[in-house]
Amino acid sequence: MSEYGTCETLVEPLLEALNMGRCVEDLLASMHEKLVGVVPFNRIGVAVLDEAKETLRAISCRSDGPTALDVSYSAPVAGSTLQHLLATGEPRIINDLEGYLAAKPESVSTSLIVQEGMRSSLTLPLLAEGKPIGVVFFSCREKDAYAETHVAVLKPLAGHIAIGLEKAQLIALLRQRNDELAEANRAKDGFLDRLREEVQRQTEQLRGSEERYRTLVRLGRIVNSSLDLRQVFRSAAEEIHKLLACDRVSLLLLGDRDEMRYGFALEFAGRPRWLDIPLLQLPGTAARWVVEHRQARFVPSLERDRLYPEDQRLYDQGYRAYVYLPLVCRQVSVGVLGIASRTEDRANAWNLELLGEWCDHLATALDNAAAYGEIARLKAQLEEQNVYLRDEIKTTHDFGNIVGDSAAMRRVRGAIAQVAKTDSTVLILGETGTGKELLARAIHESSPRSGHLLVKVNCAALAPALITSELFGHEAGAFTGATGQRQGRFELAQRGSIFLDEIAEVPPETQVMMLRVLQERAIERVGGSRSIPVDVRVIAATNRDLKKHVDDKHFRADLFYRLNVFPILVPALRERREDIPALIDHFLTRFARQMNKEVTRVNRRTMELLMNYQWPGNVRELENIIERAMIISRGDTLEIDAQWLSESGDGTAAPRELPSFAEVERQTILDALQRCRGRVYGAAGAAALLKLKPTTLYGKMRKHRIARRRSGFEQT
């Protein structure tokens, strides 16, 4: 048979298969069957280009043995041995695959079919409208199996295969598009259904929102129409009755303490009836639960649920359902709104969400009506107190206790215990650095006023022109720079205590106003005329001889007598040396914690220096010395430099050369007896000269073994 006849014989079945709409796989199966005996082959494969024409992918493979290059194998066209074939459209014959692979070892596809035992191959491009869409491979296990005559037979066949492939791809794409279109239509129908439902839902929601808005506006206008608490509630209760057809509306307000509640109710049985709810305990009630949880409590059936006392009372009064709603303003619970019905069915229709929104308006109105003025006053006072607390209370001093167990300090503690529980004015006397402020704080903390402020005023630190304004406050415009009203320290200390340190430094014009505070318990702000009552306990302190100031006409005598109700003398540190070790230990512990050091002992020489020093700066000087020593100390032992203890400040003092306290006391007694010629009693006696009782002087003489001899006094 001629090549033309052979080609016709092969093409006709393929065209028939194409016209019948058979798939590509059926075409290849038919071709495989018809080519047996016409073209030598042991393997036929087809590969197609992707949409970008960059990759070849195997879609069919028929072989008489195992395959290594199988369906879904893909490789890039660029740089491959098929790039030239696809670009030119010319078939390719390789009759020695092993030799070809040796020359082009990078050809992966050639390596795979050689592994399958193929030795010759014929590759034809598949062209559609002159453009490559893939290739068809014929492979044989024999060398030199293919010639140009085979190309002539198979080339027309390849064209029809290309047409079949293109047709199959178009059909697959059309089916995909049809499926996508059908899915889009279904999605469109579903979307339209959902859109209609959403439009309907939002329309209903909008109607409900509009109605809710109108209701809230109407209720808001009602509750904000008055600052009279009862009128606000009555108007609100009547509107709630119209909206819900309820039978009772109640309002419970929290008292000054959260444990108490009071309020009123309006019942709608015929004509509205007003009820006052007396002051009642809040714990253990449904109202308490609502206040604590800040949630509504809805009881749809009092027949079944009567957990709290209110439940039983309402049930006994004929009510069958109720709701309690929290009233919260500025994150603070101000009360509870109650709504009750005599029928269960009516209560189930209540819009609790709307009621919750309206409660926000009611809570604000109630808060404004009940406490607006008080809140404004307390806010201003609280701001002043916060500023003062930051400046005065949070200091570096430790006011936790009073250190020392000497007889002198025990007397001081006893005096504090006696006077603390009273409201009497206290005058604390003592040298600088003895701890007068510490005593003032101890008196305040031990008093019934300890829950309120102790306001400290250092009178010596305030300019004379400003001290009056600082103590008593001023009105706006009272003087240049007084742009607003300001509370003074006495008002800040309301219901607490005020500590007037360095009271001797108060100027005469301010002493007059201070005297009025002590006499009348009232003040007037600078620039004002209104008398403001104050409930303040006064504690004053000075390191001066206040009686001498009175004699010198620097201090008012009447003010002195008002202040000197209960004087407390704080002993100097040199008068209570036995407390020095305890004070050292106290300061060591504090500074070790602050400086993160492990200093636990005091050098013996250092302790001697500290015990023998005269301490003109008293406890404050000791504290500073210990802090300085802690800073430079290394290890666990505290040491100081003797030059630090110079009283003259020139660094030349030598505490070791000073006589002991006992020696000084003994010599002082001897000198006094010598001057008084041995006399102890009487105005010209040694006891009067030393300002001691005669019995006390005799006791000290026995202590120091001072005996009278004919030649005078001497130590035995």
Side-chain angles (χ1 to χ4, degrees), residues 387-388 391-393 395-397 399 424-444 453-474 478-479 481-482 486-493 496-521 523-526 534 536-573 616-621 624:
V387 172
Y388 178 77
D391 294 340
E392 299 295 337
I393 293 180
T395 64
T396 58
H397 299 287
F399 301 108
S424 299
T425 302
V426 180
L427 179 62
I428 303 175
L429 305 169
E431 296 178 4
T432 298
T434 52
K436 295 186 289 296
E437 182 179 345
L438 179 62
L439 265 64
R441 292 189 182 276
I443 293 170
H444 173 75
L453 283 179
L454 168 65
V455 176
K456 174 193 169 186
V457 182
N458 189 334
C459 301
L462 297 173
L466 298 176
I467 188 169
T468 304
S469 171
E470 189 68 23
L471 289 173
F472 307 108
H474 62 253
F479 50 85
R486 185 177 185 275
Q487 287 185 332
R489 297 295 181 92
F490 273 94
E491 286 184 81
L492 277 179
S497 305
I498 188 168
F499 175 52
L500 302 173
D501 198 9
E502 304 297 341
I503 189 67
E505 308 305 320
V506 174
E509 58 272 17
T510 307
Q511 294 179 26
V512 176
M513 301 179 70
M514 197 172 291
L515 180 63
R516 184 189 176 195
V517 175
L518 295 174
Q519 289 177 338
E520 302 177 13
R521 298 295 173 180
I523 64 167
E524 283 184 10
R525 296 193 185 111
V526 177
V534 290
V536 178
R537 198 248 187 93
V538 176
I539 304 172
T542 182
N543 61 355
R544 297 182 181 273
D545 185 345
L546 208 56
K547 185 66 172 65
K548 186 175 185 301
H549 265 50
V550 172
D551 295 339
D552 294 340
K553 308 300 181 182
H554 296 314
F555 201 84
R556 294 180 62 95
D558 47 5
L559 179 58
F560 169 73
Y561 294 124
R562 285 285 181 181
L563 292 173
N564 199 37
V565 174
F566 192 90
I568 298 178
L569 178 63
V570 187
L573 184 56
N618 291 292
V619 178
R620 185 180 299 133
E621 185 182 7
N624 295 338

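No experiment lies behind these values; they were computed from the predicted model shown. Note that these values count all heavy atoms, side chains included, but never hydrogens, waters or copies made by symmetry.
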Can you tell me how far CZ of Arg620 sits from CG of Leu573, rounded to the nearest 0.5 angstrom? 12.5 Å

With rounding to the nearest 0.5 angstrom, report the OG to CZ distance, Ser469 to Arg525. 10.5 Å

Distance-minimising heavy-atom pair for Glu431 and Pro616: OE1-O, 4.3 Å

How long is the gap from CG on Asn458 to CD on Glu437, to the nearest 0.5 Å? 9.0 Å

Straight-line distance of Leu515 CG to Leu563 CG, nearest 0.5 Å: 9.0 Å

I'd like to know if Asp551 and Lys547 make a salt bridge, using a cut-off of under 4.0 Å between side-chain N and carboxylate O. yes

Ala540 backbone acceptor or donor facing Lys436 side chain under 3.5 Å: no

Contacts of Asn543 that satisfy side-chain hydrogen bond (donor to acceptor under 3.5 Å, both in side chains) - sequence neighbours left out: Thr432

Under 3.5 Å, side chain of Arg521 to main-chain N/O of Val536, donor-acceptor pair present? yes

What distance separates Glu491 CD from Ile498 CD1, expressed to the nearest 0.5 Å? 11.0 Å

Is the shortest distance from a Lys or Arg side-chain nitrogen in Arg486 or Glu470 to a carboxylate oxygen in the other one below 4.0 Å? yes

Would you please classify the geometry between the His549 ring and the His554 ring as parallel, tilted or perpendicular, with 30° and 60° separating the classes? perpendicular

Shortest non-hydrogen contact from Ala557 toward Val550: CB-CG1, 3.6 Å

Heavy-atom pair of closest approach, residues Leu546 and Phe560: CD2-CD1, 3.6 Å

Please name the residue in the list Val506, Leu518, Ile503 that meets the side-chain contact (heavy atoms from CB on, under 4.5 Å) test with Leu559. Leu518

Heavy-atom check, side chain of Thr542 versus side chain of Glu505, under 4.5 Å: no

Can Phe490 and Val538 be said to form a side-chain contact (heavy atoms from CB on, under 4.5 Å), step by step? CA-CA 9 Å; Phe490 273 94; Val538 176; 4.2 Å; yes

Counting only N and O atoms by type, is there a donor-acceptor contact under 3.5 Å from the side chain of Gln511 to the main-chain atoms of Phe555? no

As a test of understanding, state which of Leu427, Thr434, Leu429 forms a side-chain contact (heavy atoms from CB on, under 4.5 Å) with Leu569. Leu429

Beyond-backbone contact of Arg556 with Met514, side-chain heavy atoms, under 4.5 angstrom: no

Calculate, to the nearest 0.5 Å, the distance between atoms CG and CD1 belonging to Leu438 and Ile443 respectively. 10.0 Å

Looking at Ala440 and Ile539, what are the two nearest heavy atoms and their distance? O-CD1, 3.7 Å

